[in-house]
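Just follow the structure's listing: the first ligand is 1, and inside any ligand the first atom is 1.
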Amino acid sequence: SLKNDFKENIHSNGSRQQLPQTIIIGVRKGGTRALLEMLSLHPNIAAAESEVHFFDWEDHYGNGLQWYMNQMPFSYPRQITVEKTPAYFTSPKVPERVYNMNESIRLLLILRDPSERVLSDYTQVFYNHVQKHKPYPSIEQVLIKDGELNVDYKAINRSLYYIHMENWLKYFPLGHIHIVDGDKLIKDPFPEIEKVERFLRLSPQINASNFYFNKTKGFYCLRDSGRERCLHESKGRAHPQIDSRLLDKLHEYFHEPNRKFFELVGRTFDWH
Ligand code: A3P
């Protein structure tokens, strides 16, 4: 098969690039960067720094698996390589493509309250525009159309988790997709990270002392062999204040999709 034709890139110190044995597939704004950074505290994790977009961008996918492998960090044989591209979760073509690479791969999916995710998604796009000095509509302008909730808004669609999950479950058993509770990862990261260690069959090496709450940031930050660091300032931004009736509408809209998602994965989450 194609898989046997790889040119292994081996460094003189014995490390080499390998295809990822696990991928953080999403969801966008779920806390994917936090998850990757926290998991990287483990000595046996080698993480790709930037989002690779191999399976969802046609021009990347067309370059083939050798190109994908070339994007990976150098790692030692005992290490697990991981990359994160949040767009994978909501891209319909991606599950089959990942399956074709490795049908027994273990996947990580981090989700948070779908309404909160919409506001976070909006905030991200808003700031991307601000950075480029481009105008962007207000949250009300994107959320409301003809006096009703604008269900065509992309960010709302991305929060319909059951639709995207169904695509993944056509190719992977539920047991191979570990769902990280993104709301819990914000409030108390260590227990969520311990579960990920177990899922990936890593030795338990990350400790509670690797995390400390930073009051200024309002989020947990990381302590790694004495060095302390928080995530980038673009992570953990204030969301726009919205009218409580509009927020209720959003919560109401996601009620049924959420129920379907809980049924699909046999687990509930503390969402509105
Ligand atoms: P907000 O900026 O909307 O609060 P992603 O990395 O997938 O884009 O997700 C970004 C989200 O990660 C942030 O969304 C934030 O809520 C969440 N997050 C989780 N743990 C965090 C941490 N320790 N520091 C900063 N953000 C964190």
Please list every donor-acceptor pair under 3.5 Å in which a side-chain atom of residues 171-178 meets a protein atom from a residue at least two apart or in another chain.
none

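The shortest N or O to N or O distance between His239 and ligand 1 is under 3.5 Å. Ligand 1 has no N or O atom lying under 3.5 Å from any N or O atom of Lys84, backbone or side chain. An N or O contact shorter than 3.5 Å is missing between Lys217 and ligand 1 by distance. At a 3.5 angstrom cut-off on N or O pairs, Arg33 counts as close to ligand 1. Considering backbone and side-chain atoms alike, Gly31 places an N or O below 3.5 Å from some N or O of ligand 1. Residue Ile186 places no N or O, backbone or side chain, under 3.5 Å from any N or O of ligand 1.
For atom 7 (O) of ligand 1, the closest non-hydrogen atom on the protein side is Thr32 OG1, 2.6 Å. In terms of protein heavy-atom proximity, atom 14 (O) of ligand 1 is closest to Arg112 NH1, 3.1 Å. Here the heavy atom of the protein found nearest to atom 20 (N) of ligand 1 is Ala34 CB, 3.5 Å. The protein non-hydrogen atom at the shortest distance from atom 23 (N) of ligand 1 is Tyr220 O, 2.8 Å. Nearest protein heavy-atom neighbour of atom 25 (C) of ligand 1: Lys235 O, 3.5 Å. Annotation: atom 4 (O) of ligand 1 to nearest protein heavy atom, Gly236 CA, 3.4 Å. Counting only heavy atoms of the protein, atom 24 (N) of ligand 1 lies nearest to Phe219 CB, 3.5 Å.
Annotation for Pro189 and Tyr220: closest pair CD-CD1, 3.4 Å, computed over non-hydrogen atoms.
Using a 4.0 Å cutoff on heavy atoms, Gly30 counts as a contact of ligand 1. The closest approach between a heavy atom of Thr123 and any atom of ligand 1 is not below 4.0 Å.
Considering Glu83, His53, Glu51 in turn, Glu83 is the only one that fulfils the side chain to side chain donor-acceptor pair (under 3.5 Å) rule with Tyr88.
Counting non-hydrogen atoms of other residues, nucleotides and ligands closer than 6.0 Å to OH of Tyr212 gives a total above 12. Counting non-hydrogen atoms of other residues, nucleotides and ligands closer than 6.0 Å to CD of Glu228 gives a total above 12.
Between Tyr136 and His129, the ring-plane angle classifies as tilted under the 30° and 60° cut-offs.
For ligand 1, the atoms lying closer than 4.0 Å to a non-hydrogen atom of Ser120 are 1 (P), 3 (O), 14 (O). For ligand 1, the atoms lying closer than 4.0 Å to a non-hydrogen atom of Leu231 are 24 (N), 25 (C).
Between Glu192 and Lys195 a salt bridge is recorded (basic side-chain N to carboxylate O distance below 4.0 Å). Between Glu140 and Arg245 no salt bridge is recorded (no basic side-chain N to carboxylate O distance below 4.0 Å).
Counting only residues at least two apart or on different chains, the side chain to side chain donor-acceptor pair (under 3.5 Å) pairs with a member in residues 179-188 are Asp183-Trp271.
Phe89 and Ile24 are assigned to two separate hydrophobic clusters, defined by single-linkage of ILVMFWY side chains at heavy-atom distances under 4.5 Å.
Looking at Glu166 and Leu169, their side chains never come closer than 4.5 Å, going by heavy atoms from C-beta outward.
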